[in-house]
Amino acid sequence: MARTKLPKDTVNTPETRGKRLRQLRQMSGLTRQAIETRYDISARTTRSWEEGSAGGLTSKGAMRVVYAMSETKIHVTKEWLLYGGGIGPQWMDGDPLNNTNKSNLMLLDLDDESAIRTELLAFRQHNHNPIDLRVTDDGMAPHYMAGDYIGGKQRFDQAIAHCINRDCIVETANGELLFRRLKAGSKTNLYTLFCINTDTITHEPVLYDVKLKSAAPIIWHRRPDK
């Protein structure tokens, strides 16, 4: 019995990924050398991706491209770069994920931290009362390390009490932003903030009876590759 011949995937091949990448680079006005200088992606790597050599553009490479494009005010998705799916690249307008009436574009490339920042833009756009922070100390190690990106949705007033026993970005009454585990205080509407790392070098690992403006349990967490 003859086997049915499956159609060739013409959307997700090294060559078609390279074509989308090359089109985006050309529309961004960046040369391969400019990409190397500005985003530390070698001209040889960009050329290899565009030509579809050695497997072409990878998933990690696509995320680097997404971030790089965000720096040039172009919004493009990993799905579009790899598979041609969804809405094509578009110019950003004020709000990082809103599009202008400019024409569609296509691709470039960058590092993990760049990709995380682009994902952060999406987090801000698609969540109600979003707040984000970059961890600056070892107070919540080892799960959260200095340099990590975290985000959550702010809760206010009585809703803060529902955040007890969770790791939160909190805004104190004097406007200070902290990342700590939230515990109940000695009185209603007062809270204890403490570091989960018992070996932390943080100056004040426990803060008692703190009045808060808001608390945001962590729902988004990314760590850049070192």
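For clarity, every value in this text was computed on a predicted model and none was experimentally measured. We number each residue from 1, following the sequence as shown.
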* **For the student: nearest non-hydrogen atoms of K187 and D209, plus distance** => N-OD1, 4.5 Å
* So do R222 and D148 actually touch side chain to side chain, heavy atoms under 4.5 Å? -> no
* Asked: So, for T192 and A184, which heavy atoms are closest and what is the spacing to 0.1 Å?
  -> OG1-O, 3.4 Å
* With rounding to the nearest 0.5 Å, note down the distance linking CH2 in W220 to CG in N127. => 10.5 Å
* To do: Please report the shortest heavy-atom distance between A141 and N197, naming the atom on each side.
  => O-CB, 3.4 Å
* Asked: Taking side chain as C-beta onward, heavy atoms only, is Y208 less than 4.5 Å from L190?
  -> no
* Ion pair R32/E50, N-O distance below 4.0 Å -> yes
* Structure fact -> Interatomic distance, CD@E119 vs OH@Y149, rounded to 0.5 Å, equals 11.5 Å
* Asked: Does a side-chain heavy-atom distance below 4.5 Å link P217 with R155?
  -> yes
* Asked: In the single-linkage hydrophobic clustering (I, L, V, M, F, W, Y; side-chain heavy atoms under 4.5 Å), do L178 and F194 co-cluster?
  -> no
* Any side-chain heavy-atom pair of D137 and T200 under 4.5 Å -> no
* Keeping the roles fixed (side chain from T37, backbone from Q33), state whether a donor-acceptor pair exists under 3.5 Å. => yes
* Close side-chain approach of K153 and I219, heavy atoms under 4.5 Å -> yes
* Hey, is CG on D157 packed in by over 12 heavy atoms from elsewhere, all under 6.0 Å? -> no
* How far apart are the C-alpha atoms of M145 and D138, what are their side-chain angles, what is the distance that settles it, and do they pass the side-chain contact (heavy atoms from CB on, under 4.5 Å) test? -> CA-CA 6 Å; M145 306 297 290; D138 68 344; over 6 Å; no
* Gap between atom CG of L81 and atom CD of E79 - 0.5 Å precision -> 9.0 Å
* Do you know the tightest heavy-atom contact between I160 and L182? -> O-CD2, 3.9 Å
* To do: Please step through side-chain contact (heavy atoms from CB on, under 4.5 Å) for the pair R17 and N12, ending with a clear verdict.
  => CA-CA 6 Å; R17 294 197 300 270; N12 179 25; 2.7 Å; yes
* **Flag side-chain contact, heavy atom, 4.5 Å: R181 against L193** => no
* Asked: Is the side chain of T31 donor-acceptor paired with the backbone N or O of A34 at a distance under 3.5 Å, no angle test?
  -> yes
* Asked: Is the backbone N or O of W80 less than 3.5 Å from a side-chain atom of R20, with the two atoms forming a donor-acceptor pair by type?
  -> yes
* Point-to-point distance, once rounded to the nearest 0.5 Å, from NE2 of H75 to CG of L121 -> 9.0 Å
* Structure fact -> Closest heavy-atom pair, P130 versus R124, reported as atoms and distance to 0.1 Å, is CG-O, 3.5 Å
* Asked: CG/L207 to OH/Y191 distance, rounded to the nearest 0.5 angstrom?
  -> 15.5 Å
* Asked: Honestly curious: do L133 and I131 fall in one hydrophobic cluster under the side-chain, below-4.5 Å linking rule?
  -> yes
* **Stepwise side-chain contact (heavy atoms from CB on, under 4.5 Å) check, N129 with F156** => CA-CA 10 Å; N129 292 327; F156 304 91; 3.8 Å; yes
* Do Y83 and M69 belong to the same hydrophobic cluster, where Ile, Leu, Val, Met, Phe, Trp and Tyr are linked whenever their side-chain heavy atoms lie under 4.5 Å apart, directly or via other members? -> yes
* Asked: Are F123 and I218 connected in a single hydrophobic cluster, I mean Ile/Leu/Val/Met/Phe/Trp/Tyr linked by side-chain heavy atoms less than 4.5 Å apart?
  -> no
* Linked, directly or transitively: L212 and F179 (ILVMFWY side chains, under 4.5 Å) -> no
* Using atom types as modelled and distance alone, determine if a side-chain donor or acceptor of E36 lies under 3.5 Å from a backbone N or O of A43. => yes
* Asked: What is the minimum heavy-atom distance between Y144 and R223, and which atoms define it?
  -> CA-NH2, 3.8 Å
* Any side-chain heavy atom of C195 sitting closer than 4.5 Å to one from R180? -> yes
* Would you say the side chain of Y39 lies within less than 4.5 Å of the side chain of E71, judging by non-hydrogen atoms? -> yes
* Asked: For the atom pair NZ (K78) and CG (L57), what is the distance rounded to the nearest 0.5 Å?
  -> 10.0 Å
